[in-house]
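Reviewing the structure listed below.
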Amino acid sequence: MVAMKMMERSEQRTGKAAAGAIRRVAVYCRISSFEELSELQYFRNLIHSTGGCQLADIYTDSEISDTNISGLPGFQQLMEDCRAGKIDRILTQSITRFAGNAMDSLKAAETLSRLPHPVEVKFETEHADTSDPGMHFLFQMILQEAAAENGK
């Protein structure tokens with residue numbers, strides 16, 4: 001229910017729902033157990049019950065996949081489809097499970113927000129949404145701090 005309200009608020013901020021555009025929503029999951037399979041069903045139901053949204057595709061990688069982004073073929077395909085303008089929004093479980101690690105997740109979210117056709121990411125566990133200007137600012141601050149730490 002919280003995710004549905006966040007999607008509706010995002011649509012109000014961006015004006016995409018008002019313009020009558022169908023939002024193409026993708027799901028990304030790292031699957032290691034039956035729990036994650038039920039998570040996929042939760043996201044499917046959420047998208048189908050939210051007006052103005054359609055399921056673009058579901059992208060998955062196994063939990064035992066590499067923690068390096070290059071070792072996550074489902075994630076790589078998701079990013080490619082986003083660059084091709086096929087996706088408007090991504091739903092995923094958490095920041096740490098979106099890419100190989102939290103830092104890569106935040107970098108990917110930043111990359112997606114800067115595309116010619118920006119893609120929003122909703123992190124379910126943290127109730128964080130890149131369409132929220134405050135969250136976007138927080139992500140940028142975290143990335144700048146990490147870059148400064150790596151430069152030391």
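All values derive from a computational prediction rather than experimental measurement.
- Side-chain contact between Q76 and I69: present, with at least one pair of heavy atoms (C-beta onward) separated by less than 4.5 Å.
- Side-chain contact between L55 and R44 is present, with at least one heavy-atom pair separated by less than 4.5 Å.
- Heavy-atom minimum distance, P118 versus S113: CB-O, 3.6 Å.
- Shown here for C29 and E39, the closest heavy-atom pair between the two residues is SG-OE2, 3.1 Å.
- If you check the side chains of E124 and Y42, you find a donor sitting under 3.5 Å from an acceptor.
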Next on the checklist: For a side chain to side chain contact (heavy atoms under 4.5 Å, CB included) check, start with the C-alpha distance between R24 and R89, then their side-chain angles and the critical distance, and finish with the verdict.
Outcome noted: CA-CA 6 Å; R24 299 159 299 170; R89 185 168 179 77; over 6 Å; no

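- No donor-acceptor pair closer than 3.5 Å links the side chain of R30 to the backbone N or O of D61.
- What you find for S105 and A99 is that their closest heavy atoms are OG-N, 3.0 Å.
- Among the candidates L78, L46, I47, T60, the single residue satisfying the side-chain contact (heavy atoms from CB on, under 4.5 Å) test with V27 is I47.
- Put simply, CD1 on I22 and SG on C53 are 8.0 Å apart, with the number rounded to the nearest 0.5 Å.
- Considering only heavy atoms from C-beta on, L40 comes within 4.5 Å of I58 through its side chain.
- Residues K122 and T130 are not in side-chain contact: their nearest non-hydrogen atoms beyond the backbone lie 4.5 Å or more apart.
- Using a 4.5 Å heavy-atom threshold, the side chains of R23 and Q54 count as separate.
- Put simply, NZ on K107 and CG on L112 are 14.0 Å apart, with the number rounded to the nearest 0.5 Å.
- F75 has its ring centre no less than 6.0 Å from the ring centre of Y59.
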Checklist entry - Between T92 and V121, is a side chain to side chain contact (heavy atoms under 4.5 Å, CB included) present by the stated rule, with each step listed? => result CA-CA 8 Å; T92 191; V121 182; 4.2 Å; yes

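- Residues I90 and F98 have side chains in contact (heavy-atom distance under 4.5 Å, counting atoms from C-beta outward).
- At least one side-chain heavy atom of L115 sits less than 4.5 Å from a side-chain heavy atom of C82.
- Put simply, the side chain of V25 reaches to within 4.5 Å of the side chain of L91, judged on heavy atoms.
- Checked by atom type and distance alone, the side chain of E126 pairs as donor or acceptor with a backbone atom of I95 at under 3.5 Å.
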